[in-house]
Number of protein chains: 2
Amino acid sequence: MSDLSTPKRGRPGYDRAAILEIAVLAFNEHGYDATSMGVLASRLNLSKAAIYHHFSSKEELLQFALNHALGGLEELLLEPAATTGPAIDRLSHVLRGAVLMLADRLPYVTLLLRVRGNSPTERDALTRRKSFDRSVALLVSAARDAGSLRADIDPATVTRLLFGMVNSLTEWYQPTGPADAAHLADDVLALALNGLRTPSTSRE
Amino acid sequence: MSDLSTPKRGRPGYDRAAILEIAVLAFNEHGYDATSMGVLASRLNLSKAAIYHHFSSKEELLQFALNHALGGLEELLLEPAATTGPAIDRLSHVLRGAVLMLADRLPYVTLLLRVRGNSPTERDALTRRKSFDRSVALLVSAARDAGSLRADIDPATVTRLLFGMVNSLTEWYQPTGPADAAHLADDVLALALNGLRTPSTSRE
DNA sequence: ATACTAACTGAACGATCGGTTAGTAAAGCA
DNA sequence: TGCTTTACTAACCGATCGTTCAGTTAGTAT
């Protein structure tokens with residue numbers, strides 16, 4: 001994550017990333033508001049005041065965490081496979097990438113998906129998230145217009161149901177390995193594109 | 001809801017259901033923990049203390065709300081169409097019924113789906129919810145064993161993704177009418193069973 | 001009128017919240 | 001050995017939390 005070579009000065013201890021990791025886990029367990037700086041400190045085996053040496057406020061912890069989740073999703077949309085080629089392929093790439101990103105940054109995305117816009121920080125995050133959703137909705141519409149997707153369901157509804165499925169990972173997925181996430185992404189794509197019904201055509 | 005004939009005694013005012021309705025909306029907007037009895041009171045144009053005339057605690061408000069959501073889902077599993085006939089038909093009925101129940105009791109189910117188990121009340125609700133999920137998972141397995149559903153994806157994963165899709169309604173669905181919910185249920189079933197891809201066979 | 005019942009208010013309570021301050025502990029560097 | 005840098009602690013602050021309590025208001029019943 002950070003540089004491993006440079007020797008550190010001063011008393012060793014936590015860095016921001018390590019504190020953030022534990023804080024995000026606590027936020028997800030009890031909810032952001034219900035997680036007091038006191039119990040957060042005891043999880044870190046620190047005093048409350050020590051946290052304020054690394055972060056200026058509780059809300060800044062949330063800010064850094066949400067940015068880590070949103071940054072990953074936003075970078076996904078910029079990848080070449082997401083910007084060139086047939087719309088259906090771009091959509092598949094983004095869908096698969098979203099599953100992998102969720103699996104990789106699970107606690108951070110989990111926190112993001114629970115934000116309700118109760119502060120400027122949360123509202124900013126919601127805005128960025130809606131912007132991401134809108135980009136995916138455009139992909140769905142493009143794929144539909146190209147004849148790759150069924151036209152009898154409203155694209156906005158499709159996008160929401162699709163992301164409902166993907167985002168639900170944060171409610172139950174427990175990472176066991178990187179191959180696990182790739183296989184899960186396969187399942188999501190298969191279910192989303194081909195449906196649950198027994199396929200009438202043969203599969204390779 | 002309650003009897004309309006019996007004349008009430010004493011000073012008129014809120015009853016439990018009316019308070020609960022507003023409380024649940026507030027809980028969903030800011031989160032249960034972040035919603036203070038003070039702001040709740042001001043939404044009701046009441047004093048904080050007045051709420052305690054109707055409910056013994058903040059947690060009891062949550063308890064009644066969660067029970068209303070869970071009761072609806074549990075009754076769904078007891079309906080004849082959910083207990084008799086081919087597994088695929090029973091699964092379809094439950095899936096459709098869940099969408100309609102979500103639409104009908106949207107704020108209550110929304111609150112239920114955000115519970116994290118941070119108190120005995122919340123843990124009880126999570127237990128009942130898991131029991132419901134388990135019943136649906138059994139339906140999925142039965143339908144798969146009967147050859148109605150594809151066998152190349154693990155039933156547990158299918159169930160979770162399926163309910164991820166359905167439960168995501170609480171994040172975006174805005175009720176406009178009862179026919180609206182029925183149409184939405186159609187879309188969910190179509191997407192879940194047949195997938196997003198352009199159907200190769202003709203549709204009636 | 002009087003009694004009764006239910007709905008409600010204002011003020012206060014202990015507890016806990018996020019955050020601050022002043023000082024200390026532990027490391028590398030000179 | 002100091003000196004600097006970084007990490008931390010104990011004690012505390014004002015604000016807000018859920019809850020309680022003693023009394024008041026607004027209706028119905030007799």
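Because the structure is predicted, anything quoted here is derived from the model rather than measured.
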Report the residues that fulfil side chain to side chain contact (heavy atoms under 4.5 Å, CB included) with [X], sequence neighbours left out, ordered by chain and then residue number.
| X | result |
| --- | --- |
| A/D145 | none |
| B/T127 | none |
| A/Y14 | A/A18, A/I19, A/I22, A/L44, A/L46, A/H54 |
| B/A65 | B/L20, B/V24, B/Y108, B/L111 |

Please list all pairs passing the salt bridge (Lys or Arg N to Asp or Glu O under 4.0 Å) test where one or both residues lie in [range], with sequence neighbours left out.
| range | value |
| --- | --- |
| residues 19-44 of chain A | A/E29-A/R43 |
| residues 52-76 of chain A | A/R16-A/E60, A/E74-A/R128 |
| residues 103-127 of chain A | A/R116-B/E171 |

*OG1/A/T159 to CG/A/D154 distance, rounded to the nearest 0.5 angstrom?*
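Going from the OG1 atom of A/T159 to the CG atom of A/D154 covers 8.0 Å.
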_I'd like to know if the side chain of B/N67 reaches the main chain of B/Q63, judged simply by a donor and an acceptor atom lying under 3.5 Å from each other, with no hydrogens or angles considered._
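Flag not set: sc B/N67 to bb B/Q63 has no pair under 3.5 Å.
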_N/O donor-acceptor pair under 3.5 Å between B/N28 side chain and B/P107 backbone_ =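 Yes.
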*Calculate the interatomic distance between B/I51 atom CD1 and D/dC21 atom C1'; express it in whole Å.*
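To the nearest whole Å, that distance equals 16 Å.
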*Atom CD of B/E60 to atom C1' of D/dG18: distance rounded to whole Å?*
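Distance check: B/E60 CD to D/dG18 C1' gives 14 Å.
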*In residues 114-126 of chain B, which ones come under 4.0 Å of DNA chain D, going by heavy atoms?*
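Within residues 114-126 of chain B, no residue comes under 4.0 Å of DNA chain D.
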For residues 90-99 of chain A, which side-chain donor-acceptor pairs fall under 3.5 Å, sequence neighbours excluded?
{"unit_1": "A/R90", "atom_1": "NE", "unit_2": "A/G85", "atom_2": "O", "d": "3.2"}
{"unit_1": "A/S92", "atom_1": "OG", "unit_2": "A/I88", "atom_2": "O", "d": "2.9"}
{"unit_1": "A/H93", "atom_1": "NE2", "unit_2": "A/E79", "atom_2": "OE1", "d": "2.7"}
{"unit_1": "A/R96", "atom_1": "NH1", "unit_2": "A/D186", "atom_2": "OD1", "d": "3.1"}
{"unit_1": "A/R96", "atom_1": "NH2", "unit_2": "A/D186", "atom_2": "OD1", "d": "2.8"}

N/O contacts under 3.5 Å, protein versus nucleotides 17-19 of chain C?
{"unit_1": "C/dC17", "atom_1": "OP1", "unit_2": "A/S36", "atom_2": "OG", "d": "3.4"}
{"unit_1": "C/dG18", "atom_1": "OP1", "unit_2": "A/T35", "atom_2": "O", "d": "3.3"}
{"unit_1": "C/dG18", "atom_1": "OP1", "unit_2": "A/K58", "atom_2": "NZ", "d": "2.7"}
{"unit_1": "C/dG18", "atom_1": "OP2", "unit_2": "A/M37", "atom_2": "N", "d": "2.7"}
{"unit_1": "C/dG18", "atom_1": "N7", "unit_2": "A/K48", "atom_2": "NZ", "d": "3.0"}
{"unit_1": "C/dG18", "atom_1": "O6", "unit_2": "A/K48", "atom_2": "NZ", "d": "3.3"}
{"unit_1": "C/dG19", "atom_1": "OP2", "unit_2": "A/Y52", "atom_2": "OH", "d": "2.7"}
{"unit_1": "C/dG19", "atom_1": "OP2", "unit_2": "A/K58", "atom_2": "N", "d": "2.8"}
{"unit_1": "C/dG19", "atom_1": "O5'", "unit_2": "A/Y52", "atom_2": "OH", "d": "3.4"}
{"unit_1": "C/dG19", "atom_1": "O6", "unit_2": "A/K48", "atom_2": "NZ", "d": "2.5"}

Check nucleotides 6-8 of chain D for protein N or O atoms closer than 3.5 Å to its own N or O atoms and list the pairs.
{"unit_1": "D/dT6", "atom_1": "O2", "unit_2": "A/R11", "atom_2": "N", "d": "3.3"}
{"unit_1": "D/dA7", "atom_1": "OP2", "unit_2": "A/H53", "atom_2": "NE2", "d": "2.9"}
{"unit_1": "D/dA7", "atom_1": "O4'", "unit_2": "A/R11", "atom_2": "O", "d": "3.4"}
{"unit_1": "D/dA7", "atom_1": "N3", "unit_2": "A/R11", "atom_2": "NH1", "d": "3.4"}
{"unit_1": "D/dC8", "atom_1": "OP1", "unit_2": "A/Y14", "atom_2": "N", "d": "3.3"}
{"unit_1": "D/dC8", "atom_1": "OP2", "unit_2": "A/H54", "atom_2": "NE2", "d": "2.7"}

_B/R160 vs A/Y173 side-chain heavy atoms within contact, under 4.5 Å_ =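 Answer no - side chains too far apart.
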_So B/V188 and A/T157, do their side chains get closer than 4.5 Å, heavy atoms only?_
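With C-beta onward as the side chain, the pair stays apart.
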*Near DNA chain C, under 4.0 Å by heavy atom, which residues of residues 23-31 of chain A?*
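By residue number: none to list.
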